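Everything below concerns the one structure shown next.
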Amino acid sequence: MIEFIFGRLTLSALPHEWFTIGGAVSIIIGGLGVAILLTKLKRWKWLWKEWLTSTDPKKIGIMYIIVASLMLFRGSLDAIMIWIQQALSVGSSHGYLSPDHFQQIFTAHGNIMVFFVTMGFLFGLINLIVPLQIGSRDLAFPFLNTLGFWLYVAGVILINLFFVLGGEFAATGWLAQTPLSELEFSPGVGVDYWIWSLQISGLGTLIGGINFIVTILKMRAPGMTLMKMPMFTWTSLLSMLLVISVFPILTVTIALLFLDRSLGMHFFTTDFGGNAMMYTNLIWMWGHPEVYILILPAFGIYSEIVATFSQKKLAGYTSLVFAAIGITLLALVVWLHHFFTMGAGANVNAFFGIMTMVIAIPTGMQLFNWLLTMYKGRIRFFTPMYWFLGFVSTFTFGGMAGVLMASPPADFQLHNSLFLVAHFHTMIIGGALFGIFAGFTYWFPKIMGFRLNERLGRYAFWSWIIGFFVSFVPLYILGLMGATRRLDHYTNTSWQPLFIISVVGFCIITCGVVFQILQIIVSIKQRKQNLDKTGDPWNGRTLEWSTPSPVPFYNFAVIPQITSGDAFWEMKRNKKPKEKIKYEDIHLPKNTAMGIYISVFVFLMGFAFVWHIYWLALLGIIGAIACVIIRTFDEDTEYVLTAAEVEKIEERGKTHA
């Protein structure tokens, strides 16, 4: 009976090692601190009504960014623990982490940074900006937007829950390679936490991807054809097309792994007909397009920034669009370069090597278009432009390393080395993360109503770019010298100075993070001096800058008519005499808590499958289905903001401005 009620959950699952005790205590203290603060300020009701149950994409976008920021802190702690261990564990010294604990940290770091940091930030920015860029008041499916976010939060909680219950995470590498992740070699619950945190958050990502695609295709302002869309909207659309193409592969792959572990199946085992190589194929059929899911929206951000701060129309807009489409299509046919060394054969390796080199062509086209946009432009060097220039240096450096590894003979030497680790981080940090920082700084005044402190922003940038090269150039060198990745201990003592230099680089990056936090704090304190009273602080070109800052909850009082690309720039050039605006009633979605309720039941299902508590899993499934049915038959999901109310809000905004 006890086993039926609690499954595999026993007292031994409580925190009992220093890292799980420390993690559990930190989570509990942090949660209590927030609860006490909200109680003291009497903000619980406000938090629930104004934020947690909101269907406003701007508020959902801000919540995505807040959660992703917390996970960035969590993932950064993992990173410094890995770096310190490698710097200390050389020769006769074995550092401070056990091999198993090191592998758990290594696995958690990769998953957190890809799934819960970069994806969270990008979904936040897409929520904030895309509806504004296309002249829409909301997303196509407001309820699915809030549901997708809360499934992402459920995944965040589940991937951290092992601190409180379980005592271990997967020690399999961030993609849980089989047969290492099979029950024979990983009998604990760590891999199950990995499976269900990714499964649940992946479902939220898939729902969000469908929502963004429908929004961009069906809710553009009148006159905005596809070839008049801003580049950030274009790259967001292409990124989401990749999401709906490859995330089902991830869902099925880890579902099969779960069946192997829970029901004794043999899809990827080493016996009874299992094929571990099939898992590697499937996971990388998702895994490499995922890199482009992250990088494409960043490319769109750079396009917006370069055009705005060069005070010029994007050079070769059409070629930029087709280059982005080319990257999207080629992203689906390069996955096998991740296992050139695994015996696929010379012909297969040659095809994927050529495709990997070919994808550099449209990527290079984009870079040259941005440089041509800057050519003879009136360039203004604000912080977003610094992040773009930092991207150019890091991405070019990492891209050359990528073309080198696209050659199978070279890859045979470099594949399992720290050279590959350095290359991957160069592309994701220098490409996607710098793009996120650039976009955050660029659009911050639009969302919050005031600009960020420029001086502290530049300090943050220089700390990041210097720290980045100090951290990762030694890893390139170590890889060329033969240092194998994923190891917690090295016997070659001559490598230790390079590992120590890498740690110093991380310390410099940490200074950059501190400057970013100070930048936000100081900017909030000085917000009256940096207010954006015009809605157009950068002399922008796209439609989001035509709205007040911060943006009203309905986005546009009157949906604009689009006649060309760079819609707002055209409006400013062809300024017409002011006519009396005719306002109309606006239909808006009501707030709803149903997304939270569904996510709670889905979370319970995932937790129950981790611990084999099957009655709780059944309860979670039934509860989630019941909530979906209730929501389906709920017809009271909208309210009307009358034309008179809209006019009153608009007039009040003009008075304050």
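Computed over heavy atoms, backbone and side chain alike; hydrogens, waters and symmetry mates excluded. By convention here, the first residue in the shown sequence is residue 1. Nothing here was measured: the structure is a model prediction, and the numbers come from that model.
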For this session: Would you confirm whether R137, through its side chain, and F556, through its main-chain N or O, come within 3.5 Å as a donor-acceptor pair?
Result: yes
Exercise. Taking everything shown except W462 itself, do over 12 heavy atoms lie less than 6.0 Å from its CH2?
Worked result: no
For this session: Establish, from distance only, whether the side-chain atoms of W443 and E304 form a donor-acceptor pair under 3.5 Å.
Result: no
Exercise. What are the two closest heavy atoms between L128 and G61, and how far apart are they?
Worked result: CG-CA, 4.1 Å
Problem set entry | Backbone N/O of E544 and side chain of T542: donor-acceptor pair under 3.5 Å | no
Seminar exercise, completed: Smallest heavy-atom separation, L206 atom then I244 atom, equals CD1-CA, 3.7 Å
Exercise. Can you check whether G535's main-chain N or O pairs, donor with acceptor, with K446's side chain at less than 3.5 Å?
Worked result: yes
Problem set entry | Check: N539 main-chain N/O paired with D536 side-chain donor or acceptor under 3.5 Å | yes
Problem set entry | Contact check, side chains of F444 and R451, non-hydrogen atoms, under 4.5 Å | no
Exercise. Which of parallel (below 30°), tilted (30 to 60°) and perpendicular (above 60°) describes F391 and Y302?
Worked result: parallel
For this session: Decide yes or no for L641 and F553: does some side-chain heavy atom of the first lie under 4.5 Å from some side-chain heavy atom of the second?
Result: yes
For this session: Could you tell me how the ring of F472 sits relative to the ring of H425: parallel (under 30°), tilted (30 to 60°) or perpendicular (over 60°)?
Result: parallel
Exercise. For the residue pair W545 and F568, is the inter-centroid distance of their aromatic rings smaller than 6.0 Å?
Worked result: no
Exercise. Given side chains that start at C-beta, do those of M385 and S310 come closer than 4.5 Å, heavy atoms only?
Worked result: yes
For this session: Show your reasoning for whether side-chain hydrogen bond (donor to acceptor under 3.5 Å, both in side chains) applies to S319 and N369.
Result: CA-CA 8 Å; S319 63; N369 278 48; 2.8 Å; yes
Exercise. How are the rings of F388 and W370 set to each other: parallel, tilted or perpendicular (split at 30° and 60°)?
Worked result: perpendicular
For this session: Please find out if less than 6.0 Å separates the ring center of F515 from that of F461.
Result: no
Exercise. Going by heavy atoms in the side chains, are E454 and Y459 under 4.5 Å from each other?
Worked result: no
For this session: Look at the aromatic rings of F424 and W174 and report parallel, tilted or perpendicular, splitting at 30° and 60°.
Result: tilted
Exercise. Does the T383 side chain pair with the main chain of G457, one donor and one acceptor, at a distance under 3.5 Å?
Worked result: no
For this session: Flag the pair I301 / M231 as yes when at least one side-chain heavy-atom distance between them is below 4.5 Å, and no otherwise.
Result: no
For this session: Determine whether the side chains of Y476 and T426 contain a donor N or O and an acceptor N or O closer than 3.5 Å.
Result: yes
Exercise. What heavy-atom pair brings L122 and I293 nearest, and what distance separates the two atoms?
Worked result: CD1-O, 4.2 Å
Exercise. Are any of the side-chain heavy atoms of F440 and P384 separated by less than 4.5 Å?
Worked result: no
Exercise. How are the rings of F434 and W464 set to each other: parallel, tilted or perpendicular (split at 30° and 60°)?
Worked result: perpendicular
For this session: Please name the pair of heavy atoms, one in I562 and one in S564, separated by the smallest distance, quoted to 0.1 Å.
Result: CG2-O, 3.4 Å
Exercise. Do K312 and T373 meet the criterion of a side-chain donor-acceptor pair at a distance under 3.5 Å?
Worked result: no
Exercise. What distance separates I295 CD1 from Q366 CD, expressed to the nearest 0.5 Å?
Worked result: 10.5 Å
Exercise. In chain order, what residues pass the side-chain hydrogen bond (donor to acceptor under 3.5 Å, both in side chains) check against Q561, with sequence neighbours excluded?
Worked result: none
For this session: Using the test side-chain contact (heavy atoms from CB on, under 4.5 Å), find all partners of T53 that sit at least two apart in sequence or belong to another chain.
Result: W48, N591, A593, I596
Exercise. S523 side chain to N453 main-chain N or O, any donor-acceptor pair under 3.5 Å?
Worked result: yes
Exercise. Are R220 and S136 side-chain neighbours, meaning at least one heavy-atom pair lies under 4.5 Å?
Worked result: no
For this session: Could you walk me through whether H109 and M81 pass side chain to side chain contact (heavy atoms under 4.5 Å, CB included), step by step?
Result: CA-CA 10 Å; H109 170 72; M81 291 176 74; over 6 Å; no
Problem set entry | Side-chain ion pair, E570 and R541, N-O less than 4.0 Å | no
Exercise. If we ignore angles and hydrogens, is there a donor and acceptor under 3.5 Å between the side chains of D138 and N555?
Worked result: no
Problem set entry | Side-chain H-bond candidate by donor/acceptor type, E650 with Y554, under 3.5 Å | yes
Problem set entry | Exam field: side chain W234 to backbone K228, donor-acceptor pair closer than 3.5 Å | no
For this session: Ignoring hydrogens and angles, tell me if any N or O in the side chain of R527 forms a donor-acceptor pair with the backbone of I524 under 3.5 Å.
Result: yes
Problem set entry | Main-chain N/O of A406 paired with T356 side-chain donor or acceptor, under 3.5 Å | no
Exercise. Taking the inter-plane angle between the rings of Y64 and F123 on a 0 to 90° scale, is it parallel (under 30°), tilted (30 to 60°) or perpendicular (over 60°)?
Worked result: tilted
Exercise. Can we call the ring centroids of W83 and F499 under 6.0 Å apart?
Worked result: no
Seminar exercise, completed: T118 and A432 have their tightest heavy-atom pair at CG2-CB, 3.9 Å
Exercise. Above 12 or not: heavy atoms from other molecules or residues under 6.0 Å from NZ of K572?
Worked result: yes
Problem set entry | Verdict with supporting geometry, I465 and S393, side chain to side chain contact (heavy atoms under 4.5 Å, CB included) | CA-CA 9 Å; I465 193 73; S393 61; 3.9 Å; yes
Exercise. Would you say the side chains of T308 and Y442 form a donor-acceptor pair under 3.5 Å?
Worked result: yes
Exercise. Can you check whether I359's main-chain N or O pairs, donor with acceptor, with T363's side chain at less than 3.5 Å?
Worked result: yes
For this session: Would you indicate whether the side-chain heavy atoms of L144 and I210 approach each other to under 4.5 Å?
Result: no
For this session: Heavy atoms only: give me the nearest L543-P560 pair and the separation to one decimal.
Result: CD2-CG, 3.7 Å
